[in-house]
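Report on one structure; see the data block that follows.
In what follows, every heavy atom counts, from backbone to side chain, and hydrogens, waters and symmetry copies are set aside. Computed from a predicted model, the values in this text were never measured in an experiment. Both counts, for ligands and for their atoms, begin at 1 and track the order of listing.
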Amino acid sequence: MPLLQQSPHRLEPPTALVGKKLWLPRLQMGSSRLFAAALRSVGVDADIFPESDERTLELGARHCCGDECYPLKITLGDCLKILEQPNTDPAKIAFLMATGHGPCRFGQYAPHFKSVFRSLGYADIPIISPSFENGYTDCADSSSQFVRTAWRAIVSADILLKLLHRTRPYELVPGAADALYNESLEDLSRILEVHYRTFAQQGKALHEGLTRARSRFRSLALETHARRPLIGVVGEIFCRLNTFSNEELVRRLEAAGAEVWLNDVSEWVWYSNHQQLRQIAREGRRFSVPAISARIRNLFQRRDEHALLSLFREDFQGREEPQEIREVLSNAEPYLPQEGSSGEMVVNVGKAIYFARKGLDGVVDISPFTCMNGIICEAIYPRVSRDHGGIPIRNFYFDGTQSELERDVGIFLELVRNYSRFKAWPSPPHSPSYTRS
Ligand code: SF4
């Protein structure tokens, strides 16, 4: 079932979703919240899963045999937790669970959910599954207002998270950066849930909201001469971005003295778009309607991203993302040739190399235990490190049973500090030095 359909007059939810609340997994909390706001702007009653907890794991484990990936256990547990709430009417809810037919088990999540729901008597609960293979355009036609709004939501959430990670390690008042992040998220959510008559109006409102967020963060009291090692974080998209599943590894790295540069959600969208166009070309349909429509979507997405990010040039100095996903993929090419490999492993290896060349002091890969992408990356990282001045690259695996995380983070940061004394590439600026406004 598509997420949205085009009526003669406007984009709207399909009949099966009318009167239902659509629940979205907490990928990165901010991007999920803003994506939900974008859905509300076209009439879908969308919200994100409540925070995961012990009950999530308990319910997820009841319906897993142990071979499933950790993100499946968490997202399934969260769905079941919603279903067991006394005020939940199963006839009035639906779930969103993306899918894909790539090299790993991700494509099995939605079928597994369906089978568990069926066994529990919830066979009629719709599961909406936009697919990676077509750049998630089965959400709605790629030229539609929704696809553009959703993209603006993702980029805005990435920007806010980057502002948080750029400032939180240097804050003088503990909790101040998180408070500004939450305030800004609320502000942007209110902007994105409005249905604007034109993209220009929406763009203007978003521009103003992000400018307010920038002013808030620029007025934050920060240590100005602190030198912290900068750690790039790559890895499996859910575990890397979902703070419950990675046991707040970013905060732990910060508490141990580091600043973190986390791979964002937009990068995955660029990769999906790239793969979609490659597939179209492979099928000999370079000049087909889907190819042209995908290229036009890319063009608008590039323009929107540039317009929103340009507000933060000073704030993200030294932490600029690659201009094109092609740069990341060509970094990975000597280790994972594009014609023979695909998926997150390619993006993660390529980005780890980008981080090394950008002068970062170390790279962390966050993956679920037994993740196929994580395992392949772990086999390649020693070569990547050797070819890039010995930059420390460490895999952290999660399955809900981590016990020595503090110790492992501490050891990793020792390696990082040693490497940073001898590395070949100059460090990006340390504490934020932009002009306060
Ligand atoms: S990327 Fe890893 S964790 Fe995610 S579905 Fe694939 S194998 Fe599982």
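Nearest protein heavy-atom contact of atom 2 (Fe) of ligand 1 is Cys371 SG, 2.3 Å. Protein heavy atom at the shortest distance from atom 4 (Fe) of ligand 1 is Glu236 OE2, 3.1 Å. The nearest heavy-atom contact from the protein to atom 6 (Fe) of ligand 1 is Cys104 SG, 2.3 Å. Atom 7 (S) of ligand 1 has Met372 N, 3.4 Å as its closest protein atom, hydrogens excluded (heavy atom only).
For residue Cys69, no N/O/S atom approaches atom 2 (Fe) of ligand 1 to within less than 2.8 Å.
Counting heavy atoms under 4.0 Å from ligand 1, residue Pro368 touches it through the side chain alone. Under 4.0 Å from ligand 1, the heavy atoms of Tyr109 that appear belong solely to its side chain.
Applying the side-chain contact (heavy atoms from CB on, under 4.5 Å) test between Phe238 and each of Ser245, Ser367, Cys371 identifies Ser245 as the sole match.
Between His388 and Tyr335, the two ring planes are tilted [angle within 30° to 60°]. Classification of the Phe106-Tyr109 ring pair by plane angle, with boundaries at 30° and 60°, yields perpendicular.
Scanning Ile237, Asn373, Ile375 for the heavy atom closest to atom 1 (S) of ligand 1 points to Asn373.
At least one donor-acceptor pair under 3.5 Å links the side chain of Arg252 to the backbone N or O of Glu247.
Side chains of Arg297 and Asn273: a donor-acceptor N/O pair is present below 3.5 angstrom, by distance only. Between the side chains of Glu305 and Trp151, no donor-acceptor pair of N or O atoms lies under 3.5 Å.
Near Glu344, the atoms of ligand 1 lying under 4.0 angstrom from a non-hydrogen atom of the residue are 1 (S). Per-residue contacts place Phe106 under 4.0 angstrom from the following atoms of ligand 1 (heavy atoms of the residue considered): 5 (S).
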Start with the C-alpha distance between Phe217 and Tyr181, add both sets of side-chain angles, then the distance that settles ring pair (Phe, Tyr, Trp, His ring centres under 6.0 Å), and finish with yes or no. CA-CA 8 Å; Phe217 277 94; Tyr181 173 77; 7.5 Å; no
